[in-house]
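Working notes for the structure below.
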Amino acid sequence: MYPQLFNYIDGRFIGGEGGAGQAIHDPATGERIGWLPWADGAQLDAALAAADRAFQHWRISSPLDRSAVLRKVAELARERAAAIGRAITLDNGKPVAEAIAEVLNSAEHAEWNAEECRRIYGRVVPPRNPAVRQLVVREPVGVCAAFSPWNFPFSQAMKKVAAAVGAGCTVVLKGPEESPSAIVEIARLFHDAGLPPGVLNIVWGVPAEVSRHLIESPIVRKLSFTGSVPVGKRLAALAGAHMKRISMELGGHSPVIVFDDADVDEAATALARYKMRNAGQVCVSPTRFYVQRGIYERFVARFAQVVSEIRIGHGLEDGTQMGPLIHGRRLAAVHELVSDAAEQGGEIVTGGARIGERGHFYAPTVIAGVPDHARVMREEPFGPVASITRFDDVEDVIRRANSLPFGLASFVFTHSIKTSTRVANALEVGMVNINHFGMAPAELPFGGVKDSGVGCEGGSETFDGYLVTKMITQI
Ligand code: NAD
């Protein structure tokens with residue numbers, strides 16, 4: 001049921017058991033389900049050389065041809081969504097309905113890039129001398145090294161590949177070794193959609209070694225990374241040393257601000273379900289809940305009730321709403337933050353412990369009255385943990401919301417336009433959701449500020465990170 005895994009270099013699927021690599025496990029059971037073959041140094045160089053060769057023709061390809069490939073990828077992704085989704089559930093743990101939805105949403109991203117790549121316009125600038133013609137054109141940046149994460153293994157990689165390929169770039173991608181099946185399926189989709197050999201290459205190996213090898217190569221002109229802030233900073237520093245362009249989608253610690261005038265029960269119910277999606281392993285997951293004093297008790301009670309009713313199990317079982325965490329490290333990290341919050345005076349209203357000994361399950365957890373200095377309020381929890389605290393006035397809550405180095409998503413619940421406008425203008429973040437959750441459709445930019453990253457994916461900004469500007473003046 002779990003697919004065989006490969007490297008994908010110059011249009012060929014390479015690997016299998018035998019050479020260096022690593023076993024892949026189901027995070028819900030701990031059982032070995034597959035084998036991920038690593039690329040050696042010569043294969044990394046072969047992938048770079050293939051991407052370099054392919055760039056020479058792909059950079060001048062017709063946008064109509066690039067658009068056709070991306071449309072075909074979307075069509076095939078929809079056809080194969082159920083099988084791809086099942087494999088994602090096996091190596092990632094998320095409920096299969098969420099995994100299939102991820103594939104279907106990614107089909108829209110491929111389509112969006114297929115449409116936008118026909119509109120990569122330049123401009124004509126009025127000259128001072130009428131005999132002169134001044135043009136500004138936008139060209140693909142070149143070979144891109146991309147690194148995508150395990151939490152949304154299909155969609156995060158698809159966003160990078162569809163944008164790079166649509167812009168006329170070529171790619172060497174290292175996916176997440178925790179959840180690799182989605183990446184190999186993406187390679188199959190592009191392969192079957194007729195992408196020329198070398199335009200997309202997939203390689204696996206020891207992350208720090210692969211990233212250094214690729215980023216230091218003079219062939220690579222751009223780095224795109226989605227993952228944690230510390231790793232992002234390390235890779236950005238390496239890219240900076242070699243003057244490579246970067247796009248960074250990093251961690252967050254999203255503030256949620258619920259005002260007295262919000263629909264308390266509705267907001268608490270919606271937020272509780274949204275919080276536990278993908279077991280909270282979401283960069284834009286709501287994590288710091290600031291609730292105004294007048295509705296605080298009612299909010300906590302409703303939120304905890306909904307959270308405690310979430311059905312936990314293997315993602316392939318009927319009715320499962322939340323699966324396991326991705327690996328043992330995450331389990332330990334989450335529990336450390338919860339324990340610290342309790343020691344600092346937070347009240348564990350529900351959850352607070354690992355579930356069973358098999359698999360990496362952690363109970364959905366609500367901690368009330370968490371002080372701002374507790375680690376869970378300062379460090380990204382990246383797990384099924386909601387920390388709730390009170391606030392009194394709008395200026396104070398804005399200050400607290402902006403007090404961390406993160407700046408990714410935020411959530412505001414109020415019926416006052418004056419309040420929502422004030423808060424939306426003041427929050428130091430890349431995305432503000434007011435009274436609903438509306439992030440990540442293909443037509444909207446997705447990205448952060450401060451430590452949460454550089455650049456956007458999606459929206460009409462989708463190619464910004466993959467294009468360079470050239471001025472041409474002629475007489
Ligand atoms: P981790 O730091 O151990 O990250 C592991 C992941 O990062 C692996 O997929 C690995 O391949 C990659 N990685 C590590 N070092 C690398 C290097 N030098 N070069 C290239 N890739 C490298 O963390 P974890 O416990 O697995 O995940 C939790 C953290 O990851 C969270 O705090 C969160 O910020 C971050 N994360 C963020 C996103 C996002 O969408 N921004 C997605 C997934 C994970």
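The shown structure was predicted, so the numbers you read here are calculated from the model rather than taken from an experiment. Throughout, numbering of the chain's residues begins at 1 and tracks the sequence. Just so you know, ligand 1 is whichever comes first in the structure, and atom 1 is the first atom listed for that ligand.
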for atom 2 (O) of ligand 1, nearest protein heavy atom and its distance come out as Ser228 OG, 3.5 Å

Taking Glu428 first and then Lys450, would you say they form a salt bridge - that is, a charged N and a carboxylate O separated by under 4.0 Å? yes

- Tell me, please, whether Tyr362 has Arg330 positioned over its six-membered ring: NZ or CZ under 6.0 Å from the ring centre and within 45 degrees of its axis? no

Discussion item. Tell me whether Thr226 has any N or O atom under 3.5 angstrom from an N or O of ligand 1.
Written reply: no

When distances are taken from atom 28 (C) of ligand 1, the protein heavy atom at minimum range is Arg330 NE, 3.5 Å

Within 4.0 Å of some non-hydrogen atom of Pro149, the atoms of ligand 1 are 42 (C), 43 (C)

Closest to atom 32 (O) of ligand 1 among protein heavy atoms sits Glu380 OE1, 2.9 Å

Note: ligand 1 atoms sitting under 4.0 Å from heavy atoms of Arg329 are 3 (O), 26 (O)

**Report entry** Aromatic plane relationship, Phe437 with Phe411 - under 30° parallel, 30 to 60° tilted, over 60° perpendicular
**Finding:** perpendicular

Atom 7 (O) of ligand 1 touched by protein heavy atom at under 4.0 Å
no

- Mind checking whether Lys174 has a heavy atom under 4.0 Å from ligand 1? yes

| said: Within the structure, is a non-hydrogen atom of Gln156 found at a distance of less than 4.0 Å from ligand 1? | reply: yes

Checklist line | Heavy-atom protein neighbour under 4.0 angstrom from atom 23 (O) of ligand 1 | finding: no

Cys283 N/O to ligand 1 N/O under 3.5 Å: no

In this structure, atom 18 (N) of ligand 1 is nearest to the protein heavy atom Ala208 CA, 3.4 Å

query: Is there any N or O on Ser148 that sits under 3.5 Å from an N or O of ligand 1?
result: no

I'd like to know if Arg311 and Glu317 make a salt bridge, using a cut-off of under 4.0 Å between side-chain N and carboxylate O.
no

Item to complete: Would you please indicate if the ring centroids of Tyr290 and Phe391 are separated by under 6.0 Å?
Response: no

The protein heavy atom nearest to atom 5 (C) of ligand 1 is Glu178 OE2, 3.7 Å

| Sub-3.5 Å N/O-N/O distance, Glu249 and ligand 1 | yes

Closest to atom 13 (N) of ligand 1 among protein heavy atoms sits Pro207 CB, 3.8 Å

Worksheet item: Are the side chain of His373 and the backbone of Arg378 linked by a donor-acceptor contact shorter than 3.5 Å?
Response: no

inquiry  = Less than 4.0 angstrom from a charged side-chain N to a carboxylate O is my criterion; do Glu116 and Arg66 meet it?
reply    = no

Check: Does Glu102 come within less than 4.0 Å of Lys94, counting only side-chain N to carboxylate O?
Finding: yes

A quick test of your reading: do over 12 heavy atoms of other residues, nucleotides or ligands sit less than 6.0 Å from CE of Met1? yes

